[in-house]
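So that the names make sense, note that chain A is the first sequence line, chain B the second, and so on, each numbered from 1. All values derive from a computational prediction rather than experimental measurement.
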There are 2 protein chains.
Amino acid sequence: MALQLKANRATVADEIVALLRDRIIRGELSPGAQLSENEIAQQLGVSRTPVREAFIQLREQSLLRILPQRGSFVAPINLSHVADSFFLRETVELRTVGVAAENCTSKNADRLRSIIERQRTLLDGGSDSAFVKADDAMHRYLVEMCGRPRVWKTISDAKVQIDRMRCLNAQDQTTRRRILADHVRIVEAVIGGDPDAAVGAMKQHLHNIFENTERLAKQYPGYMDGQTLATKRKREAKTRPGERPYQSATLT
Amino acid sequence: MALQLKANRATVADEIVALLRDRIIRGELSPGAQLSENEIAQQLGVSRTPVREAFIQLREQSLLRILPQRGSFVAPINLSHVADSFFLRETVELRTVGVAAENCTSKNADRLRSIIERQRTLLDGGSDSAFVKADDAMHRYLVEMCGRPRVWKTISDAKVQIDRMRCLNAQDQTTRRRILADHVRIVEAVIGGDPDAAVGAMKQHLHNIFENTERLAKQYPGYMDGQTLATKRKREAKTRPGERPYQSATLT
DNA sequence: AGTCGCTAACTTGTATGGTAGTATCCTTGC
DNA sequence: GCAAGGATACTACCATACAAGTTAGCGACT
């Protein structure tokens with residue numbers, strides 16, 4: 001496999017982060033798969049140093065597990081982690097979409113309409129990654145309309161765990177159409193200046209996505225929670241107040 | 001200055017991250033101060049490699065700015081960034097404290113009381129860092145009571161920006177007492193199983209903290225937004241939907 | 001005086017070598 | 001056949017060397 005680096009970014013290390021991150025999220029690198037600094041370096045025609053720096057960054061993004069002197073493995077998809085990400089998204093996006101609906105200008109409305117239009121054109125012919133990208137664009141714009149630019153970064157970091165699950169399957173037409181329909185409802189409510197409707201539509205939308213992931217979890221049990229990891233996982237000994245299955249927001 | 005590494009962590013790089021992160025948050029390394037890979041490496045008696053790996057991680061945490069071939073500088077305190085952090089905290093913690101109040105067990109209550117008690121003992125004699133640590137413990141436990149363990153990590157990442165501001169000044173007795181009083185109100189509401197009161201108390205608490213930071217921002221303008229940075233900052237050219245000053249949650 | 005250009009001393013980025021720990025496989029001994 | 005032990009081939013971690021870019025200062029020339 002001959003990987004290729006784009007020459008865009010400032011440093012090779014950052015370029016490798018972008019490359020591997022994309023491949024992990026899209027599932028080209030399966031959960032549990034072993035990555036070697038040496039191997040990647042050879043494939044890319046660079047030294048181990050920038051590869052190693054990339055690995056460290058991917059570890060911080062919960063996409064890679066580095067076991068010293070043993071190996072580096074694509075992180076398994078942890079269902080509890082995914083549920084946490086949903087919790088965070090729901091909490092933040094339900095608030096921001098409400099604020100967006102309260103402050104939607106005509107310029108915002110135009111932009112939202114064009115994003116929806118873009119998704120509509122990708123409905124049939126578009127690739128999965130293009131459709132997901134357009135999907136992202138809408139959620140991102142709604143968050144940023146609320147005037148807190150760095151909040152999207154947080155959402156985005158959490159979203160990778162969700163996206164990894166979404167990429168397990170190619171999205172069929174039915175799924176895409178439902179997503180688009182959800183988005184239309186949300187955008188109409190926002191443009192219409194109806195916060196309650198916007199929050200409700202967003203809540204329903206996130207729930208639909210979550211149900212999809214639950215279905216996928218049953219379909220791909222091997223990728224979940226490290227069962228394909230080469231070595232036995234050590235049990236986390238830390239006692240937390242307790243985890244419970246994901247459940248919907250209680251405030252609306 | 002002879003820095004010292006603890007032998008706890010697995011790798012030297014992670015140890016350096018913890019060390020520098022702490023020093024930056026506590027303000028021992030001032031915003032804008034230049035850090036050199038070489039210099040830190042010599043002070044710690046290690047090579048540049050782990051120092052460099054630490055720098056990259058600190059950059060990802062928005063605590064360091066690395067300008068290739070020019071130098072690395074302690075990130076300025078960006079007020080917009082701080083406001084974003086408050087927005088995130090308020091959004092998440094107002095929800096979680098409500099959930100915590102709904103599900104508070106007697107065991108949870110005991111733990112909360114002991115955390116409060118710990119803070120009370122630190123009120124007079126305790127160091128700033130010890131008091132802040134106990135402060136953290138309460139917020140953390142309230143979030144984790146909600147059963148989503150990784151959500152605190154997100155809050156914690158955002159909180160560093162707020163903590164950097166808090167550490168500009170030693171906290172006087174008045175401030176500490178007000179914080180403790182806020183915490184008591186929150187915990188009483190949570191233990192009492194009153195979500196509305198808990199959310200209200202938390203909202204008031206976060207507001208109080210935010211007002212403190214606004215005061216500090218006026219007091220230390222030189223540390224804000226890179227004005228002490230050795231080199232002129234390039235203007236961010238990206239146009240965002242627009243930033244507006246921090247404002248309170250509209251949903252309760 | 002003012003400006004151009006060189007030099008030297010930095011900076012971070014990348015490549016490479018050596019070290020220590022881990023897992024695998026194969027041999028050896030029972 | 002089977003278990004214990006050792007060689008071997010990995011791994012990530014750290015140290016060091018080199019490369020390339022930036023900046024500040026100084027001197028010569030206009």
Student: Looking at A/Arg59, I'd like to know if its CZ atom is crowded, meaning that more than 12 non-hydrogen atoms belonging to other residues, nucleotides or ligands lie closer than 6.0 Å.
Tutor: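 Check passes, neighbour count above 12.
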
Student: If we count only N and O atoms by modelled type, under 3.5 Å, do the side chains of B/Thr154 and B/Asp157 hold a donor and an acceptor together?
Tutor: no

Student: Using the 3.5 Å cut-off, write out each protein N or O paired with an N or O of nucleotides 6-13 of chain D and the distance between them.
Tutor:
from   : atom 1 : to      : atom 2 : distance (Å)
D/dT11 : OP1    : A/Ser36 : OG     : 3.1
D/dA12 : OP1    : A/Leu35 : O      : 3.4
D/dA12 : OP1    : A/Ser72 : N      : 3.4
D/dA12 : OP1    : A/Ser72 : OG     : 3.0
D/dA12 : OP2    : A/Glu37 : N      : 3.4
D/dA12 : O4'    : A/Gln69 : N      : 3.2
D/dA12 : N3     : A/Gln69 : NE2    : 2.9
D/dC13 : OP2    : A/Arg52 : NH1    : 2.3
D/dC13 : OP2    : A/Arg52 : NH2    : 3.1
D/dC13 : N4     : A/Arg48 : NH2    : 3.0

Student: Given B/Thr91, which partner from the list A/Val151, A/Thr96, A/Val92 fulfils the side-chain contact (heavy atoms from CB on, under 4.5 Å) test?
Tutor: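 With B/Thr91 as partner, A/Val151, A/Thr96, A/Val92 yield a single side-chain contact (heavy atoms from CB on, under 4.5 Å), made by A/Val92.
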
Student: Would you indicate, yes or no, if D/dC14 has its OP1 or OP2 atom less than 4.0 angstrom from a side-chain nitrogen or oxygen of B/Thr49?
Tutor: no

Student: Side chains of residues 25-33 of chain B: which donor-acceptor pairs under 3.5 Å do they make with residues two or more places apart or in other chains?
Tutor:
from    : atom 1 : to      : atom 2 : distance (Å)
B/Arg26 : NH1    : B/Asp22 : OD2    : 3.4
B/Glu28 : OE1    : B/Arg23 : NH1    : 2.9

Student: Excluding sequence neighbours, so at least two apart, what forms side chain to side chain donor-acceptor pair (under 3.5 Å) with A/Glu37?
Tutor: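 Per chain and number, A/Glu37 pairs via side chain to side chain donor-acceptor pair (under 3.5 Å) with A/Arg52.
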
Student: B/Ser47 side chain N/O closer than 4.0 Å to the phosphate oxygens (OP1, OP2) of D/dA15?
Tutor: yes

Student: Atom CZ of A/Phe73 and atom C1' of C/dT22: how far apart are they, to the nearest Å?
Tutor: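 Distance check: A/Phe73 CZ to C/dT22 C1' gives 11 Å.
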
